[in-house]
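What follows is a single structure, written as structure tokens, with notes after it.
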Protein chains: 2
Amino acid sequence: MPSTKGDVPLISPAQNGLAAENFIHQSMAIIMEDAVKKATDVREKVCEWRSPEQLKELLDLELRDGGESESKILQRCRDAIRYSVKTTHPHFFNQLYAGMEPYSLVASFIVEALKPSLYTYEVAPVFTLMEDAVLRKMIEMIGWEEGGDGIFNAGGSMSNMYAVNLARYHHFPDIKEAGLSAVPRLVMFTSQECHYSISKAAALMGIGTKNVYMVPSDNRGKMIPSALELLIKTAKSEGAVPFMVNATAGTTVLGAFDPIQEIADICEKYNLWLHVDVSAFIQSFIHSFASINLIPLSVANSVAWNPHKMLMACLQCSAFLVRDKTNLLQRCHSSSASYLFQQDKFYDVSYDTGDKSVQCSRKPDAFKFWLMWKALGTGELEERVDRALATARSPEYANVCFWYSPPSLRNLPDGPELWKKLHTVAPVVKERMMKKGSMMVGYQPHRDKANFFRMIVISPQASRLDMDFVLDEIHNLGKDL
Amino acid sequence: MPSTKGDVPLISPAQNGLAAENFIHQSMAIIMEDAVKKATDVREKVCEWRSPEQLKELLDLELRDGGESESKILQRCRDAIRYSVKTTHPHFFNQLYAGMEPYSLVASFIVEALKPSLYTYEVAPVFTLMEDAVLRKMIEMIGWEEGGDGIFNAGGSMSNMYAVNLARYHHFPDIKEAGLSAVPRLVMFTSQECHYSISKAAALMGIGTKNVYMVPSDNRGKMIPSALELLIKTAKSEGAVPFMVNATAGTTVLGAFDPIQEIADICEKYNLWLHVDVSAFIQSFIHSFASINLIPLSVANSVAWNPHKMLMACLQCSAFLVRDKTNLLQRCHSSSASYLFQQDKFYDVSYDTGDKSVQCSRKPDAFKFWLMWKALGTGELEERVDRALATARSPEYANVCFWYSPPSLRNLPDGPELWKKLHTVAPVVKERMMKKGSMMVGYQPHRDKANFFRMIVISPQASRLDMDFVLDEIHNLGKDL
């Protein structure tokens with residue numbers, strides 16, 4: 001079972017190839033006009049806000065027994081684009097990604113059309129080699145002179161998960177087979193400002209969120225090394241086994257950089273794996289800055305690095321990198337499926353990289369980075385980062401966090417009353433900007449701080465004019481509050 | 001730090017929008033011609049084989065300081081397409097996906113251009129609602145009359161991982177915080193024919209691969225229920241705690257269906273979570289068959305279902321579904337990041353689904369399924385499955401496993417000598433078909449069976465003529481062996 005119908009006509013293909021091509025051709029024109037040109041046009045709206053109830057009605061979401069005409073489907077494409085947020089618009093500052101990068105976009109289109117999956121060289125020869133080339137270059141830029149290994153995967157959260165798994169496997173290879181119930185309580189360390197994926201990884205991997213010890217950070221959001229050492233000692237005194245530290249280079253909210261070198265020294269002292277989450281940033285391109293504070297990434301055991309953020313590669317483009325030459329990544333994740341990884345193939349099967357992955361099908365995201373890197377060169381990529389940071393004029397990174405104080409609050413004395421009122425301003429301004437569609441900037445509270453705007457400046461399409469626009473617009477939207 | 005350059009010009013955008021649009025436009029023409037039309041043309045090659053060494057030279061993979069001209073980049077796009085395997089070609093039978101589905105392809109293009117990420121309604125309103133609509137329809141088709149929950153994710157392996165995590169959380173919610181070191185040894189059960197992602201999940205999640213008890217299956221590859229019950233008793237007698245059973249509806253190699261109802265009865269008796277991995281298949285569309293053996297999916301606690309396989313949605317399109325109305329998915333995975341999931345937003349934040357996910361950025365893959373479903377209707381989707389199964393003429397599923405015996409072996413007596421020789425045939429035929437580029441069919445050994453061809457028939461573009469071609473071609477390529 002299942003049995004099959006006897007009356008299915010098999011003599012010719014079920015699809016009309018020409019009609020399909022014609023449909024794709026027409027769709028491409030719509031995508032070009034609405035999702036590329038209009039979506040990035042500063043004179044157009046960032047979003048056309050509709051409430052969930054309104055939008056459900058507009059989109060007619062129900063899936064039915066019968067199909068619809070091509071013209072109807074083309075209209076559905078237009079509608080999907082129209083009511084979607086234009087994250088590539090110059091006034092989108094809401095997340096840690098932004099802008100339209102034409103080369104990686106074209107690479108994405110090619111990937112979608114070809115439908116490759118990265119597990120064996122035989123089904124994805126081009127993309128296997130490109131991933132390898134990009135990983136090697138990234139490893140070189142990190143500064144691991146003896147090389148390393150890595151894998152592109154479905155996002156920074158997964159990269160961090162890879163790090164936790166490798167750190168654990170490195171210290172306790174038996175856990176892969178025997179599980180955690182056979183070993184003492186493992187403890188890992190990260191700053192309280194780290195990305196939430198670290199805790200998610202600990203929960204998923206059976207380590208437990210309570211065993212992620214949160215190291216205090218200073219007022220700027222940087223991990224305090226002495227506090228880290230204290231916590232390591234605490235864990236040991238409890239009979240637990242510390243195994244890794246996650247340091248963050250560019251925290252999610254404040255954009256702070258943990259002091260990597262000092263943390264690395266502590267890791268060496270206590271034999272802990274050091275993972276650096278630079279998902280938000282890219283150290284390599286800092287080499288070009290006249291900076292005295294290079295991030296010494298080469299001391300890390302592993303690194304999470306997302307070219308889909310400041311480098312603007314299309315979503316998702318996220319690499320996990322590891323300073324290891326003993327095939328740790330494969331040993332930790334392999335299961336040697338016989339239907340994919342036959343050892344009697346006619347080519348060098350070391351090019352079959354699928355057994356390094358926790359996924360089976362895996363998209364060739366490295367191609368998106370490879371093609372834009374080829375087109376722009378390292379030099380232009382560096383300039384992009386310089387430019388975004390200069391536009392943000394941030395002391396640390398591209399996150400600009402600020403309060404907007406409406407005129408009615410400007411003469412209030414500092415105190416709980418003022419902050420309570422200020423806390424309510426950003427949500428209202430955000431609602432108004434969404435409904436007007438003029439821009440998108442995030443807001444949030446943080447520890448004891450009232451709601452503030454958190455504006456991310458990444459896109460090379462954003463200029464000083466756009467920065468002026470944002471400030472004026474926030475004032476226009478909130479001056480009556 | 002990092003400090004920024006003082007000389008970056010900020011007054012105008014760094015990108016030339018018109019040039020970018022022009023480049024995308026030219027690329028689209030190449031994609032249409034080479035990656036859509038030629039790639040699906042039966043008269044063209046499935047692949048243009050090059051060894052890794054040859055291909056490295058042809059592609060000039062190195063990433064340099066300087067960028068390249070647009071015409072050079074367009075040529076690189078042509079080359080990437082040319083040397084890639086055409087998985088959408090009618091003679092590609094190598095994996096559990098195939099064919100070109102125009103509607104989901106167009107949906108993919110839209111997604112790439114718009115760069116949405118699914119965590120909050122405010123950044124992905126359209127795709128959030130579409131995912132919800134598709135999940136509801138899938139839940140209805142599974143037959144969970146009281147509803148359920150679900151999430152699209154980065155592949156069937158991740159869906160299976162979600163299942164293991166939910167099953168564990170359902171039985172032992174404290175593990176999320178406290179970790180596994182505080183609880184007895186947990187044991188899960190699956191057949192020896194299951195997908196390798198089950199073991200990968202156990203390794204990653206700290207359960208340990210040894211604690212995945214492999215239930216024997218019969219000659220057709222179906223799990224033997226009495227053997228399952230015996231193993232559950234064994235685990236209990238060892239002091240371990242059984243918590244879930246993974247059943248497979250359409251195994252990876254043989255395409256076998258485990259007896260779900262009998263397994264469900266055992267799960268009920270021992271209070272175990274039942275997950276059904278139908279990644280390869282879709283029960284819903286079996287309702288249309290004049291079959292006496294419907295898969296009773298509604299008895300499952302959770303289901304992994306990949307529309308990117310037999311339904312041909314573009315890679316990746318993979319859903320995890322759970323029969324639960326208590327928000328288990330969110331409670332199990334939530335970390336309540338304040339920068340995304342503010343509770344004082346101006347809309348109903350139950351539409352912010354990001355906290356159900358182990359990922360942060362997540363692609364709106366449901367849209368690819370939604371658009372093709374709208375275009376084709378449930379009826380046409382059913383016909384596709386009927387057709388593929390009829391073309392395969394398989395007793396169970398779309399996997400056709402067979403040996404090719406060259407004339408020289410046909411008169412040999414059955415025995416170790418014959419099988420030793422037969423074992424070497426498929427790898428050579430595979431090498432020859434790759435180098436000729438005429439088709440792609442996988443091969444593998446399985447348990448005590450010598451290397452056999454494993455041909456997957458999914459695409460509606462494949463007809464009886466193509467089946468004849470495959471058999472003739474294998475004979476042509478291997479008759480001298």
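What's counted below: heavy atoms across the whole structure, side chains too, no hydrogens, waters or symmetry copies. In what follows, chains carry the letters A, B, and so on, assigned in the order in which the sequence lines appear, proteins first and then strands, with residues in each chain numbered from 1. All values derive from a computational prediction rather than experimental measurement.
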Practice task
Using a cut-off of under 4.5 Å on heavy-atom pairs, state which of A:Val428, A:Leu204, A:Leu315 scores highest against chain B.
Solution key: A:Leu204

Exercise for the section: Output the distance between atom CG (B:Leu55) and atom CE (A:Met130), rounded to the nearest 0.5 Å. Expected result: 8.0 Å

Handout entry: Proximal component of B:Ile24, with respect to chain A [non-hydrogen, under 4.5 Å]
Key = both

Exercise for the section: Please flag which part of B:Met158 lies under 4.5 Å from any non-hydrogen atom of chain A: side chain, backbone, both or neither. Expected result: side chain

Practice task
With a 4.5 angstrom heavy-atom cut-off, could you sort out which part of B:Met434 is near chain A: side chain, backbone, both or neither?
Solution key: side chain

Exercise for the section: State which residues pass side-chain hydrogen bond (donor to acceptor under 3.5 Å, both in side chains) with B:Glu21; sequence neighbours excluded, sorted by chain then number. Expected result: none

Exercise for the section: Any chance you could measure A:Met32, atom CE, to B:Ser27, atom OG, to the nearest 0.5 Å? Expected result: 9.0 Å

Handout entry: Segment of B:Phe367 engaging chain A (4.5 angstrom heavy-atom cut-off)
Key = side chain

Fill in the blank from the handout: Applying a strict 4.5 Å limit to non-hydrogen atoms, the region of B:Asn94 in contact with chain A is side chain

Completion exercise
Ranked by heavy-atom pairs below 4.5 Å to chain A, first place among B:Ser157, B:Gly379, B:Ser318, B:Ala202 goes to B:Ser157

Completion exercise
Ranked by heavy-atom pairs below 4.5 Å to chain A, first place among B:Arg185, B:Arg362, B:Gln316 goes to B:Gln316

Exercise for the section: Count the heavy-atom pairs under 4.5 Å between each of A:Ala203, A:Ala39, A:Ser84 and chain B, then report the option with the highest count. Expected result: A:Ser84

Problem - Minimal non-hydrogen separation, A:Tyr196 against B:Cys360, with atom names - result: OH-SG, 3.3 Å

Fill in the blank from the handout: Whatever's closer than 4.5 Å to a heavy atom in chain A on B:Lys86 counts as side chain

Exercise for the section: Please answer whether the main-chain N or O of B:Thr88 pairs with a side-chain N or O of A:Lys115 as donor and acceptor at a distance below 3.5 Å. Expected result: no

Handout entry: B:Ala178 versus chain A, the contacting section by heavy-atom distance below 4.5 Å
Key = backbone

Problem - Closest contact, heavy atoms only, B:Phe109 versus A:Glu112 - result: CE2-CB, 4.0 Å

Practice task
Work out which heavy atom in A:Lys56 is nearest to a heavy atom in B:Tyr351; give both atom names and the distance.
Solution key: NZ-OH, 2.7 Å

Exercise for the section: Under 4.5 Å heavy-atom distance to chain A, tell me which part of B:Glu122 shows up: side chain, backbone, both or neither. Expected result: both

Problem - A:Leu61 and B:Leu129, any side-chain heavy atoms less than 4.5 Å apart - result: yes

Exercise for the section: Please state whether the side chain, the backbone, both or neither of B:Tyr347 comes within less than 4.5 Å of a heavy atom of chain A. Expected result: side chain

Completion exercise
Looking only at B:Arg50, B:Glu62, B:Lys37, B:Glu70, most heavy-atom pairs under 4.5 Å shared with chain A are made by B:Lys37

Exercise for the section: Look only at the side chain of A:Lys200 and the backbone of B:His333, and say whether a donor-acceptor pair between them is shorter than 3.5 Å. Expected result: yes

Practice task
Could you check if a side-chain atom of B:Ser181 sits within less than 4.5 angstrom of a side-chain atom of A:Val183, using non-hydrogen atoms only?
Solution key: no

Practice task
Under 4.5 Å heavy-atom distance to chain A, tell me which part of B:Lys176 shows up: side chain, backbone, both or neither.
Solution key: both

Handout entry: Structural part of B:Tyr103 lying under 4.5 Å from a heavy atom of chain A
Key = both

Practice task
Look at the side chain of A:Thr87 and the backbone N and O of B:Leu114, then say whether any donor-acceptor pair between them is shorter than 3.5 Å.
Solution key: yes

Exercise for the section: Considering only heavy atoms and a distance below 4.5 Å, find which of A:Glu177, A:His195, A:Gln444 pairs most often with chain B. Expected result: A:Glu177

Practice task
Please examine the side chains of B:Trp49 and A:Phe346, heavy atoms only from C-beta on, and report whether any two atoms are closer than 4.5 Å.
Solution key: yes

Completion exercise
Of the listed B:Pro184, B:Ser197, B:Ser117, B:Cys47, the one with the largest count of heavy-atom pairs under 4.5 Å with chain A is B:Ser117

Practice task
Please determine, among A:Ala133, A:Ala80, A:Ser199, A:Ala124, the option with the most heavy-atom pairs under 4.5 Å with chain B.
Solution key: A:Ala80

Exercise for the section: Pick whichever of A:Ile175, A:Val134, A:Val123 has the most heavy-atom pairs under 4.5 Å with chain B. Expected result: A:Val123

Problem - Residue part contacting chain A, namely of B:Arg454, when any heavy atom lies under 4.5 Å - result: side chain

Handout entry: From OG (A:Ser361) to NE2 (B:His308), nearest 0.5 Å
Key = 4.0 Å

Exercise for the section: Heavy atoms only, distances under 4.5 angstrom: which of A:Gly442, A:Pro125, A:Ala107 has the most pairs with chain B? Name it, please. Expected result: A:Pro125

Practice task
Please list, chain by chain and in numerical order, all residues satisfying side-chain contact (heavy atoms from CB on, under 4.5 Å) with B:Lys374, sequence neighbours excluded.
Solution key: A:Asp60, A:Leu63, A:Arg64, A:Glu68, A:Ile73, A:Arg76, B:Trp370

Problem - Validation row: A:Ile110, B:Cys77 side chains within 4.5 angstrom (heavy atoms) - result: yes

Exercise for the section: Measure the shortest side-chain to side-chain distance between A:Val85 and B:Pro116 over non-hydrogen atoms and say whether it is less than 4.5 angstrom. Expected result: no

Problem - N/O donor-acceptor pair under 3.5 Å between B:Gln359 side chain and A:Gly155 backbone - result: no

Problem - B:Pro52 side chain reached by A:Tyr121 side chain, heavy atoms, under 4.5 Å - result: yes

Handout entry: B:Glu431, part contacting chain A, at a heavy-atom distance under 4.5 Å
Key = both

Problem - Side-chain donor/acceptor of A:Asp65 to backbone N/O of B:Gly377, under 3.5 Å - result: no

Problem - 4.5 Å side-chain heavy-atom contact, B:Val36 and A:His25 - result: no

Practice task
Taking the side chain as every heavy atom from C-beta outward, state whether B:Met205 and A:Leu180 have any pair of such atoms under 4.5 Å apart.
Solution key: no

Handout entry: Which atoms of A:Tyr443 approach chain B - backbone, side chain, both or neither, heavy atom under 4.5 Å
Key = both

Handout entry: Portion of B:Asn451 that has a non-hydrogen atom of chain A nearer than 4.5 angstrom
Key = side chain

